[in-house]
Every structure is written in C-alpha cells, then in structure tokens.
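Taking it in order: structure first as structure tokens, then the write-up.
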Amino acid sequence: MDEQGIFIEIMKKLQRKYGSMNEIFRITQEMQEVLQRDDRVSLDMLISMRQEELERAVDCDRDIQYLLSVLPPEKREQVRGWLNQGTAKEQDGFEAVKMGEIAASIRSVLEKTIQVDQRMSKRVAGKDSFYK
C-alpha cells in the first residue's frame, strides 16, 4: 500500500473512531439520566453498551498504530503531529488536514464525555470518586 493509501485508511479509522466516541458520549449522557431515575437495570445495560463502543474505539487506535508503523519513521512522526497537535497545513494535502480535523473532533467529544462522566462519578461516589 502506498503512502496515499495509508493516509486514506487512517482517515477511515479515525472516522470510525469518531463515530464510536460520539456513541460513547450519547450513552454516557443516558447513563446520567438513568442514574437520576435510579434505574439499575438500564444502567447495567448502558454500561455494557458503552464498553462495546470503547472496545471499537480501541480497535481503531490499534489499527491506526499499525498503519503508522508501516510508514517511514520521519513520515510517521509527521502524521503523529497531524493527529496530536493538528500541525497539518494545506500543502501537506487534503488527507493530512482532514486527519487533523477528525482527530480534533475526537478530542472534543472525549473532553465532553469526561465532563459528564466526572459529574456522574462525583454524584455516585462522592469523595471516593475516581475524579478528585
């Protein structure tokens, strides 16, 4: 597979991960709602659903790491910069910019999910919450 093909595959994996992260966020919001109703059965079901989506997101990360591993070291570091710091510029190409945009969207959804999860955890566990 050539470099362009690898970039396209990374974009596909990022898009799939973005979908999973959005689903995780939605499920986390639902979990918060069922906690307010004290619905333990629904909560258990949602926890299971969220775990499945987390596993899908981890699978995407694993696949992305594999795709990165087949790139030359200097290109691999450049792509990591596009993904982690959003350093892609138009001259890097459409795929580079798109990868950076999708990665930024994933980080944004993750931050929102963590905020909801923190509120939930503090409400349920109080001072014993995972979040201090």
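As the structure is a prediction and not an experimental result, all values here were calculated from the model. Excluded from the calculations below are hydrogen atoms, water molecules and symmetry mates; all remaining heavy atoms, backbone and side chain alike, are included.
Among pairs with a residue in residues 60-73, those fulfilling salt bridge (charged side-chain N to carboxylate O under 4.0 Å, His left out) read Lys13-Asp63, Lys17-Asp61, Asp59-Arg62, at least two apart in sequence or across chains. Sorted by first and then second residue, the salt bridge (charged side-chain N to carboxylate O under 4.0 Å, His left out) pairs involving residues 78-92 (not counting sequence neighbours) are Glu77-Arg80. Each ring-ring contact (aromatic ring centres under 6.0 Å, His included) pair with one or both residues in residues 14-33, not counting sequence neighbours, would appear here, but there are none.
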Which pairs would a plain distance check flag for residues 66-76, meaning a side-chain donor or acceptor within less than 3.5 Å of a matching protein atom at least two apart in sequence or in another chain?
unit_1: Ser69; atom_1: OG; unit_2: Tyr66; atom_2: O; d: 2.5
unit_1: Lys75; atom_1: NZ; unit_2: Gln78; atom_2: OE1; d: 2.8
unit_1: Arg76; atom_1: NE; unit_2: Leu68; atom_2: O; d: 3.0
unit_1: Arg76; atom_1: NH2; unit_2: Ser69; atom_2: O; d: 3.4
unit_1: Arg76; atom_1: NH2; unit_2: Leu71; atom_2: O; d: 2.8

Can you give each donor-acceptor pair under 3.5 Å made by side-chain atoms of residues 99-107, sequence neighbours left out, with the distance rounded to 0.1 Å?
unit_1: Ser105; atom_1: OG; unit_2: Glu101; atom_2: O; d: 3.1
unit_1: Arg107; atom_1: NH1; unit_2: Leu83; atom_2: O; d: 2.6

Please tabulate, for the side chains in residues 2-10, all donor-acceptor contacts under 3.5 angstrom to protein atoms that are two or more places apart in sequence or on a different chain.
unit_1: Asp2; atom_1: OD1; unit_2: Gly5; atom_2: N; d: 2.9
unit_1: Gln4; atom_1: NE2; unit_2: Glu95; atom_2: OE1; d: 3.1
unit_1: Gln4; atom_1: NE2; unit_2: Glu95; atom_2: OE2; d: 2.4
unit_1: Glu9; atom_1: OE2; unit_2: Lys12; atom_2: NZ; d: 3.2

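For Lys98, the side-chain hydrogen bond (donor to acceptor under 3.5 Å, both in side chains) criterion is met by no residue, not counting sequence neighbours. Applying the side-chain contact (heavy atoms from CB on, under 4.5 Å) test to Met49 and every residue at least two apart in sequence or in another chain returns Arg26, Ile27, Met45, Leu46. The side-chain contact (heavy atoms from CB on, under 4.5 Å) test applied to Ser42 returns Val34, Asp39, not counting sequence neighbours. Applying the side-chain hydrogen bond (donor to acceptor under 3.5 Å, both in side chains) rule to Glu55 yields the partners Gln51; only residues at least two apart in sequence or on another chain are considered. Here Asp44 pairs with nothing under the side-chain hydrogen bond (donor to acceptor under 3.5 Å, both in side chains) rule; sequence neighbours left out. Listed by chain and residue number, Glu53 satisfy the side-chain hydrogen bond (donor to acceptor under 3.5 Å, both in side chains) test with Arg56 (two or more places apart in sequence, or in another chain).
Residue Ser48 holds its OG atom at 11.0 Å from CG of Leu43, rounded to the nearest 0.5 Å. We find the OG-CD distance between Ser20 and Glu52 to be 11.0 Å, quoted to the nearest 0.5 Å. A distance of 12.0 Å separates CD1 of Ile114 from OG of Ser121, quoted to the nearest 0.5 Å.
Hydrophobic clustering (ILVMFWY, side-chain heavy atoms < 4.5 Å, transitive): Val97 and Met11 are in distinct clusters. Criterion: ILVMFWY side-chain heavy atoms under 4.5 Å apart, direct or through other members. Under it, Leu54 and Leu14 are part of a common hydrophobic cluster. Residues Met31 and Val41 do not share a hydrophobic cluster, defined by chaining ILVMFWY side chains whose heavy atoms lie under 4.5 Å apart.
Within a 6.0 Å sphere centred on CZ of Arg37, heavy atoms belonging to other residues, nucleotides or ligands number more than 12.
Thr28 contributes no side-chain N or O that, together with a main-chain N or O of Asp117, makes up a donor-acceptor pair within less than 3.5 Å.
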*Walk me through it: do Ile24 and Met21 pass the test side-chain contact (heavy atoms from CB on, under 4.5 Å)?*
CA-CA 5 Å; Ile24 291 166; Met21 295 305 295; 4.0 Å; yes
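The two residues Ala96 and Ala88 have their closest heavy-atom pair at O-CB, 3.4 Å.
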